[in-house]
Amino acid sequence: MANIKELTDITLPELQVFAKFSEPQLLHWNEPLPGVFIAESPKVIERALNNGYEPIVLLMNRRDINGEAANIISMCQDTPVFTGDEETIVSLTGFKLIRGALCAMRRKVLPAIEDICKNTRRIAVLENIVNPTNIGAIFRSAAALNMDAVLLTKHCCDPLYRRSSRVSMGTVFQVPWTYMNTAFTDIDTLKKMGFKTASMALDKNSIDIDNDDLLNEEKLAVILGTEGDGLSQDTIKKCDYTVCIPMSHNVDSLNVAAASAVAFWQLGNRKK
């Protein structure tokens with residue numbers, strides 16, 4: 001039977017995960033063990049549950065108990081579910097719920113690069129991408145367009161931050177991912193595993209994204225850089241290919257999330 005509780009006291013200790021702590025603080029909640037993150041919206045929470053993430057406590061609008069959130073409640077029989085009206089929830093969290101439900105969940109231990117890339121053919125590498133909306137959109141494109149895994153440098157935004165996972169529609173829980181030190185240093189690791197590396201960059205030595213040699217690579221890592229400066233020159237120089245997306249109307253480049261979708265569609269639909 002569902003463990004549903006009316007939200008009458010916003011000072012309860014089990015609710016402070018939604019109130020007192022920033023997302024970086026939640027990340028370090030259980031150090032040295034993995035921390036905690038907040039998932040938002042029934043679809044995102046459901047995908048996290050389906051991929052083995054452990055719920056701690058749920059918070060949702062009262063009207064959603066028998067609506068959008070009914071399925072996740074049924075999946076969390078032993079998890080406390082606090083419900084209340086919108087005004088009370090805002091007084092606890094400090095913001096209005098966009099999609100009706102929040103769930104505090106335990107993180108998993110992240111795998112090693114070698115483990116995550118084993119038996120993959122197409123991976124995405126993200127260098128210092130800091131905007132959570134961009135991270136979420138890139139993961140959604142990666143899931144939809146045949147990327148087998150995602151590697152992120154340590155200065156990237158956390159894929160499990162609330163906005164990132166929400167924008168991704170929960171695909172951050174479906175696409176395997178982990179952190180690397182830097183794209184520059186870990187390119188050697190990828191090359192030892194048989195990957196050719198393709199940096200997405202505006203460069204005089206760039207090839208077009210429909211280059212036949214590029215498309216026919218057996219194993220390919222597609223590397224995208226930070227929102228402002230793009231990829232570092234050190235990373236570009238170390239890659240096997242430098243690749244550009246042809247532009248028109250004097251537009252020099254796309255937003256990194258849009259560029260990722262184009263790159264993943266073209267390079268993920270690899271020739272057999």
Side-chain angles (χ1 to χ4, degrees), residues 111-129 134-135 137-153 156 159 168 171-172 174-227 229-249 251-272:
I113 294 174
E114 292 81 0
D115 293 333
I116 205 172
C117 293
K118 184 170 57 179
N119 302 321
T120 61
R121 297 182 62 193
R122 290 294 187 270
I123 63 172
V125 178
L126 310 184
E127 181 181 79
N128 302 344
I129 297 175
N134 284 337
I135 289 290
I138 291 169
F139 265 85
R140 190 171 181 181
S141 293
L145 300 171
N146 297 310
M147 292 294 110
D148 300 316
V150 177
L151 304 179
L152 306 95
T153 61
C156 282
S168 82
T171 55
V172 295
Q174 297 174 291
V175 179
W177 64 273
T178 196
Y179 285 111
M180 57 201 311
N181 290 318
T182 68
F184 174 74
T185 57
D186 285 323
I187 283 175
D188 290 335
T189 300
L190 297 178
K191 288 185 175 184
K192 288 177 182 177
M193 298 182 71
F195 284 93
K196 295 293 185 179
T197 51
S199 61
M200 301 299 300
L202 297 173
D203 187 271
K204 64 181 180 180
N205 297 317
S206 295
I207 61 172
D208 283 349
I209 198 169
D210 60 355
N211 178 277
D212 284 340
D213 290 338
L214 180 67
L215 296 177
N216 285 312
E217 290 292 359
E218 180 66 21
K219 301 179 74 173
L220 187 66
V222 182
I223 308 178
L224 298 120
T226 186
E227 290 86 351
D229 299 326
L231 287 170
S232 69
Q233 285 300 310
D234 286 340
T235 298
I236 293 171
K237 290 176 182 177
K238 204 167 187 180
C239 286
D240 300 295
Y241 298 96
T242 304
V243 183
C244 69
I245 300 169
M247 298 283 111
S248 64
H249 293 94
V251 176
D252 60 353
S253 64
L254 296 173
N255 164 275
V256 66
S260 75
V262 175
F264 297 164
W265 183 87
Q266 179 70 29
L267 302 175
N269 286 305
R270 62 256 183 189
K271 295 180 180 180
K272 302 296 185 183

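Lys118 is linked by a side-chain contact (heavy atoms from CB on, under 4.5 Å) to nothing, counting only residues two or more places apart in sequence or in another chain. Every residue meeting the side-chain hydrogen bond (donor to acceptor under 3.5 Å, both in side chains) condition with Asn181, not counting sequence neighbours, appears here in chain and number order: Lys154. In terms of the side-chain hydrogen bond (donor to acceptor under 3.5 Å, both in side chains) criterion, Lys219 has no residue partners (sequence neighbours excluded). In this view, Ala201 and Ile236, Thr242 satisfy the side-chain contact (heavy atoms from CB on, under 4.5 Å) rule, not counting sequence neighbours. In this structure Asn128 satisfies the side-chain hydrogen bond (donor to acceptor under 3.5 Å, both in side chains) test together with Thr153, sequence neighbours excluded. In this structure, Gln233 has no side-chain hydrogen bond (donor to acceptor under 3.5 Å, both in side chains) partners at least two apart in sequence or on a different chain.
A donor-acceptor pair is defined here as one N or O able to donate and one able to accept, closer than 3.5 Å; such a pair exists between the side chain of Trp177 and the backbone of Val172. A donor-acceptor contact shorter than 3.5 Å links the side chain of Glu127 to the backbone of Ser232. For Ser168 (side chain) and Thr171 (main-chain N/O), a donor-acceptor pair under 3.5 Å exists by modelled atom type. Of the possible polar contacts, none joining the Thr197 side chain to the Tyr241 backbone as a donor-acceptor pair under 3.5 Å is found.
Contact detail for Met193 and Glu114: the closest heavy-atom pair is CE-O, 3.5 Å. Nearest heavy atoms, Met200 versus Ile209: CE-CD1, 4.0 Å. The two residues Leu202 and Ser206 make their nearest non-hydrogen contact at C-OG, 4.2 Å. Considering every non-hydrogen atom in both Val243 and Ala198, the closest pair reads CG2-CB, 3.9 Å. In this structure, Ala149 and Val175 approach most closely via the heavy-atom pair CA-CG1, 4.0 Å. When all heavy atoms of Ile135 and Pro159 are compared, the closest pair comes out as CG2-CA, 3.9 Å.
Contact of the Leu190 side chain with the Ile123 side chain is registered, since non-hydrogen atoms from C-beta on lie closer than 4.5 Å. A 4.5 Å side-chain heavy-atom check between Phe139 and Ser260 finds every atom pair outside the cut-off. Side-chain atoms of Cys239 and Ile187, non-hydrogen and from C-beta on, do get closer than 4.5 Å to each other. Val150 places none of its side-chain heavy atoms less than 4.5 Å from the side chain of Ile116. The shortest distance between side-chain heavy atoms of Asp186 and Leu151 does not fall below 4.5 Å. Contact annotation: the side chain of Asp208 approaches that of Cys244 to within less than 4.5 Å [non-hydrogen atoms, C-beta and beyond].
To the nearest 0.5 angstrom, Ile138 atom CD1 is 12.0 Å from Met147 atom CE. In this structure, NZ in Lys238 is found 8.5 Å from OG1 in Thr235, a value given to the nearest 0.5 Å. Atom CG of residue Leu224 and atom CD1 of residue Ile129 lie 5.5 Å apart, to the nearest 0.5 angstrom. Residue Tyr179 holds its OH atom at 7.5 Å from SG of Cys156, rounded to the nearest 0.5 Å. Put simply, CZ on Arg122 and CG on Leu220 are 5.0 Å apart, with the number rounded to the nearest 0.5 Å. Atoms CD1 and CG, from Ile207 and Leu214 in turn, are 5.0 Å apart once rounded to the nearest 0.5 Å.
Of the listed residues (Asp240, Thr120, Thr189, Val125), just one forms a side-chain contact (heavy atoms from CB on, under 4.5 Å) with Phe195, and that residue is Thr120. Residue Gln266 forms a side-chain contact (heavy atoms from CB on, under 4.5 Å) with just one option from Leu215, Ile245, Leu145, and that option is Leu215.
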